[in-house]
Amino acid sequence: MHDFLIIGGGIAGVSAAARLSHLGSVLLVEAEDHLAHHASGRSAALFVKGYGAPPVVALNEASEDYLRHANGGVLSPRGVLIVAKAAEAAAFEAEAAEMRAERLSPAEARARVPVLNPDRLAFAAFTPDALDLDTDLLIQNFAREARRNGEIVTRARVTALRRAAGGWEAETAQGAYAGRLLVNAAGAWADGVARLAGAKPLGLTPLRRSMARIPAPGGHDLSAWPALFGAGDSWYAKPDAGALIVSPAEEDSMEPHDAWADDMVLAEGLARYEEMVTEPVTRLIASWAGLRTFAPDRVLAIGPDPVLPGFFWLAGQGGYGFQTSPAASRLAARLIGGSPPELAPATVAALSPARFA
Ligand SMILES: Cc1cc2nc3c(=O)[nH]c(=O)nc-3n(C[C@H](O)[C@H](O)[C@H](O)COP(=O)(O)OP(=O)(O)OC[C@H]3O[C@@H](n4cnc5c(N)ncnc54)[C@H](O)[C@@H]3O)c2cc1C
C-alpha cells in the first residue's frame, strides 16, 4: 500500500505528487494516456499575480518565488496591454485599476502593437506584471520530483473506490491500487470522484474556454508583443511560438468531458478581437478548448474532507491552476504532513473545503 494515492495527472495532481513524495510513497493515477491531457494541456500559460479573489492572489504571491527560481525558473517577461473602444470606458477603468496598469495613449499602445486599429482604439493601459509561464516545463519538473519516490500510472481511470484496511483501494483499467490517503486532484471530475468515495460534492462547475491559434497578424514578429486583453473580459490574445492565440474568454457551464472549441463562440470572439486590429483573421492554425473548474466562490478547495476521513481535496483550480500550483501543493503537503502552513490562517480557512460543509 502506498502512503498517498493521487487521482488526476494535471498540474494539481502532479504538483501534489512532487510535494508528497518527500513525506512518503506516492502513486498517481491518470485516466488518459499522458499527463496534462485536459485543462493542464490547454491553458494560456500566463502568470498574472493580481488575478483572482484574495485567497487566490495569496496563492499567486506565495508561488512567485518558486516559479521564478526553482529548477531555473519557468517565467519570462510578457506584460499585458488592456485595450478598449470608447464605449468600454467603465470596464476599461475598472480593469486598469485592478491590474494597476499604467495608462498609455493610443499612439503609445500602437508603438507596442502596430496592428491595433487607430479608428477603434480609445483607451489602453499596460502592466509588466504578467509573465509567460512554461507550463510543460513546470509539469515535467514536478513529475521528475515525484518519480524519485513515486510512480505515475496512466490509462488508469478510477472507476470505483473502496475502503481497504488502513486506507483506500481504487479500481482502474490497469488493476487495483491502494493508498492510505486519497488526494482528489481530478479537475473537472473532482465532484464525481468524491461521489465514488462517498464524500459530499462541493458544487464544482466546469466552465468551457475556447482558444484559436492564428498566424502572426501582418506577418509581424510577435516575440516582444504583450498579451492583449479586450476590456470587459470580452477576448484576449497572446503571442505563442511565432503565432497568436486568441480566446473569446467565454465561461460556458458544462458537464465534465473532453472539451472542444465551439465554432460559433470562437467566431464571435475572433470578431471582437478583429474589431480592434487592422489585420483580418484569414485562417486558423488550430483551435481547442479546456474546462476551467470553479468552486461556487471561485476559490480553490485545499484540505481534508470535513466528514470523510482519509479523503483530501485539491480542486477548483479555475483559471489559475498553474500560477497557484507551487503554493497550493505546498499547502496540501503541509496540511497532510501536520506542519504549519506558511499562508495566513484566514487564507487557509478560506481555501478549506470545510467552508462548504
Ligand atoms: C483556455 C484556458 C486558459 C487558461 N489559462 C491559464 C493561465 O494563463 N494561467 C493559469 O495558471 N491557469 C490557466 N488556466 C487554468 C488551468 O489550465 C487549470 O486551472 C489547471 O490546468 C487545472 O489543473 P487540474 O490538474 O486541476 O485539472 P486537469 O488538468 O483537468 O487534470 C485533472 C486530471 O484528472 C484526470 N481524472 C479525472 N477523473 C479521473 C479518474 N476517475 N481517474 C483517473 N484520472 C482522472 C483527468 O483525466 C485529468 O487529466 C487556463 C485554462 C484554460 C482552459
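Ligands are counted one by one from 1 in listed order, and the atoms in each one are counted from 1 as well.
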Using a 4.0 Å cutoff against the non-hydrogen atoms of [X], which atoms of ligand 1 qualify?
X      : value
Arg209 : 1 (C)
Tyr236 : 3 (C)
His38  : 30 (O), 46 (C), 47 (O), 48 (C), 49 (O)
Glu32  : 47 (O)
Val29  : 43 (C), 44 (N)
Gln323 : 11 (O)
Ala186 : 32 (C), 34 (O), 37 (C), 38 (N)
Gly187 : 26 (O), 27 (O), 32 (C)

Salt bridge check: are [X] and [Y] linked by an N-O gap of less than 4.0 Å?
X      : Y      : result
Arg42  : Asp258 : yes
Glu32  : Arg157 : yes
Glu108 : Arg103 : no

Looking only at protein heavy atoms, identify the closest one to [atom] and say how far it is in Å.
atom                    : answer
atom 26 (O) of ligand 1 : Gln317 OE1, 3.3 Å
atom 25 (O) of ligand 1 : Ala12 N, 3.0 Å
atom 34 (O) of ligand 1 : Gly8 CA, 3.2 Å
atom 45 (C) of ligand 1 : Ala31 CB, 3.9 Å
atom 52 (C) of ligand 1 : Arg292 CG, 3.6 Å
atom 8 (O) of ligand 1  : Leu46 N, 2.9 Å
atom 48 (C) of ligand 1 : Glu30 OE1, 3.4 Å

Would you check if there is a donor-acceptor pair between the side chains of [Y] and [X] at a distance under 3.5 Å?
X      : Y      : value
Glu145 : Ser21  : no
Asp221 : Ser223 : yes
Ser329 : Arg19  : yes

When clusters are formed by joining ILVMFWY residues with side-chain heavy atoms under 4.5 Å apart, either directly or through shared neighbours, do [X] and [Y] land in the same one?
X      : Y      : result
Val348 : Leu59  : yes
Ile285 : Trp288 : no
Leu133 : Trp225 : no

For [X], look at atom [atom1] and say whether over 12 heavy atoms of other residues, nucleotides or ligands are found less than 6.0 Å away.
X      : atom1 : value
Asp263 : CG    : no
Gln174 : CD    : yes
Arg100 : CZ    : no

For ligand 1, indicate whether the residue [X] contacts it via side chain, backbone, both or neither (heavy-atom separation under 4.0 Å).
X      : answer
Arg42  : backbone
Ser210 : neither
Ala190 : neither
Phe322 : both

Query raised in the report: What's the shortest heavy-atom distance between Ala44 and Tyr236, and which atoms?
Result: CB-OH, 3.6 Å
Nearest heavy atom to [atom] wins, so pick from [options].
atom                    : options               : answer
atom 38 (N) of ligand 1 : Tyr51, Phe47, Trp189  : Trp189
atom 24 (P) of ligand 1 : Ala39, Ser40, Gly319  : Ser40
atom 40 (C) of ligand 1 : Asn60, Leu196, Val158 : Val158

Requested in this report: Please work out whether the ring planes of Phe92 and Phe123 are parallel, tilted or perpendicular, with thresholds of 30° and 60°.
Outcome: parallel
Query raised in the report: According to the interplanar angle, ranging from 0 to 90°, do the rings of Phe311 and Trp168 count as parallel (below 30°), tilted (30 to 60°) or perpendicular (above 60°)?
Result: perpendicular
Please say whether [X] places an N or O atom under 3.5 Å from an N or O atom belonging to ligand 1.
X      : result
Gly318 : yes
Ile11  : yes
Ser43  : no
Met211 : no
Ala44  : yes
Ile7   : no
Leu291 : no

Query raised in the report: Does Ala36 have a non-hydrogen atom less than 4.0 Å from ligand 1?
Result: no
Query raised in the report: Does Ala185 come within less than 4.0 Å of ligand 1, judged by its heavy atoms?
Result: yes
Query raised in the report: Is there side-chain contact between Val113 and Val83, with at least one heavy-atom pair below 4.5 Å?
Result: no
**Report entry** Side-chain touch Ser40/Thr135, heavy atoms, less than 4.5 angstrom
**Finding:** no
Query raised in the report: So which of Arg209, Arg208, Arg272 actually passes salt bridge (Lys or Arg N to Asp or Glu O under 4.0 Å) with Glu250?
Result: Arg208
